[in-house]
Amino acid sequence: MNRRQFIQSSIAAAGAGIVSGADEPWGSPVLDIHLHLRRETGRCFDHMEGSGTRRAVLLTRVADMERTKAEVALHPDSLIWFAAADPTVPGALESLQNAVRSGARGIGEMKNHTEADSAAMKKVYDFAAEAKIPVLIHFQEVAHFAGEGDFNTGYRHFDQVLKAHPRTTFIGHADFFWAHISADVPMDTGYPPGPVKRGGLTDRWLADYPNFYGDLSANSGNNALHRDPEFSRQFLARHHSKLMFGSDCACRDGHGTGGTPLLERLKGKCTGRDTLGQLKQLTTPAHFRQITWDNGMKLLKLT
């Protein structure tokens, strides 16, 4: 490359907002769209630094809104927040509306013992469309322990919700969402092992519905990538514009300290770091950047 070509390429990179990989632990910036509020002030940023993420979305209940806003105020260039509430409780919708007026950039994680197509959830979807913000939903229909129960049931028919609410942006997450990358979904485990049978609902709906996105966080997203690497390469290539990285990791430091992952393979590790490592192996650099940065920044209208 001669001097003129170098200058032209540098100007083009600057105009496109490209960040030098030399300044980023993963070669390009990373947005974590699924980081839960910690009990101790400042611990959220500790996880970000340790896992190598530049920005993050704090997922919080409306009851913790003031504490969340204080956490964001410590790192306003690094943190934004979503708010969640049990939609079956009187006043829940009003509390979500108040949270959005107070700065919440989305709704979630919605993790409640209700049907995904219930009247209460549909009111949340309608508000999200009106406010032009996404809704992040935890889909789970296999309990991890006695008494846990199910969350947002009826995923097998969720395409009817996607059709009925085309102006609402949905982000799918958790066990049942990721189990359904396969057409064969066992009901005795939240983290199915082994080869993926083509034709899964999640795979199809990500392609069919422009308003449906995927959150790669937690044991479930990590397991989905790990169980069948060849399928995962093709899946990530197909949906590179619809997937977003998230950690949903309980470790304190972004290196696994104090974490309690349900998958034995992840014990002593940061789930987010392990997922980023898998994405590095399974995608191209361009798709890695889309999944870990560009898609979330665009969806959340961040600069």
Side-chain angles (χ1 to χ4, degrees), residues 31-37 44 53 55-69 71-73 75-89 91-112 114 116-139 151-152 158 161-174 177 205-206 209-217 241-248 290-303:
L31 167 67
D32 180 351
I33 68 158
H34 200 127
L35 182 65
H36 284 286
L37 183 67
C44 296
T53 58
R55 301 190 73 167
V57 178
L58 290 185
L59 304 183
T60 182
R61 308 296 290 182
V62 290
D64 295 320
M65 182 171 69
E66 295 307 318
R67 193 160 64 89
T68 301
K69 289 162 66 176
E71 188 79 18
V72 171
H75 303 282
D77 294 330
S78 300
L79 294 170
I80 64 169
W81 59 291
F82 283 13
D86 185 342
T88 64
V89 174
L93 184 61
E94 290 76 11
S95 68
L96 288 173
Q97 292 169 337
N98 180 53
V100 172
R101 286 193 294 268
S102 298
R105 304 291 290 268
I107 297 173
E109 166 188 14
M110 295 299 284
K111 185 179 179 181
N112 304 286
T114 187
D117 65 349
S118 65
M121 287 293 281
K122 289 177 180 178
K123 290 179 181 178
V124 174
Y125 305 153
D126 288 339
F127 167 61
E130 178 186 342
K132 298 180 180 179
I133 55 175
V135 182
L136 195 156
I137 305 175
H138 180 111
F139 294 103
F151 301 95
N152 296 302
F158 194 70
V161 174
L162 296 171
K163 292 175 185 176
H165 299 269
R167 294 174 51 244
T168 305
T169 299
F170 296 92
I171 305 174
H173 157 70
F177 175 85
W205 294 346
L206 285 171
Y209 296 97
N211 58 330
F212 200 34
Y213 292 78
D215 164 8
L216 281 161
S217 67
S241 63
K242 301 293 291 297
L243 301 172
M244 292 172 286
F245 165 76
S247 64
D248 196 8
Q290 275 190 287
I291 293 167
T292 62
W293 182 258
D294 293 340
N295 294 340
M297 296 290 286
K298 180 180 179 180
L299 187 68
L300 298 174
K301 302 178 178 65
L302 301 175
T303 58

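Bear in mind the structure is a predicted one, so any value in this text is a computation, not a measurement.
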* Asked: How far apart are the closest heavy atoms of L206 and G214, and which atoms are they?
  -> CD2-N, 3.9 Å
* Report the relative orientation of the aromatic rings in H173 and H34; use parallel for angles under 30°, tilted for 30 to 60°, perpendicular for over 60°. => tilted
* Asked: With sequence neighbours left out, what residues match F127 under ring-ring contact (aromatic ring centres under 6.0 Å, His included)?
  -> none
* Look at the rings of F158 and F212 and say which category their plane angle falls in: under 30° parallel, 30 to 60° tilted, over 60° perpendicular. => tilted
* What distance do H138 atom NE2 and D215 atom CG have between them, rounded to the nearest 0.5 Å? -> 11.0 Å
* Within the distance-only criterion (no hydrogens, no angle test), does the side chain of N152 pair as donor or acceptor with the backbone N or O of F139 below 3.5 angstrom? -> no
* **Gap separating the CG atom of L302 from the CE atom of M297, nearest 0.5 angstrom** => 5.0 Å
* Which residues pass the salt bridge (Lys or Arg N to Asp or Glu O under 4.0 Å) test with K163, sequence neighbours left out? -> none
* Structure fact -> For Y125, the ring-ring contact (aromatic ring centres under 6.0 Å, His included) test, sequence neighbours excluded, returns H165, F170
* To do: Please identify each residue that fulfils salt bridge (Lys or Arg N to Asp or Glu O under 4.0 Å) with D117, with sequence neighbours left out.
  => none
* To do: Name all residues meeting the ring-ring contact (aromatic ring centres under 6.0 Å, His included) criterion together with F245; count only those two or more places apart in sequence or in a different chain, and write none if there are none.
  => none
Just distance, no hydrogens or angles: give the donor-acceptor pairs under 3.5 Å from side chains in residues 77-89, sequence neighbours left out.
from, atom 1, to, atom 2, distance (Å)
D86, OD1, T88, N, 3.0
D86, OD1, T88, OG1, 2.7
D86, OD2, T88, OG1, 3.4

* Nearest heavy-atom pair of D32 and G246: which atoms, and what distance? -> OD1-CA, 3.3 Å
* Examine distances only and state if a side-chain atom of K301 and a backbone atom of I133 form a donor-acceptor pair shorter than 3.5 Å. => no
* Asked: Side-chain contact, heavy-atom cut-off 4.5 Å: H36 with D248?
  -> yes
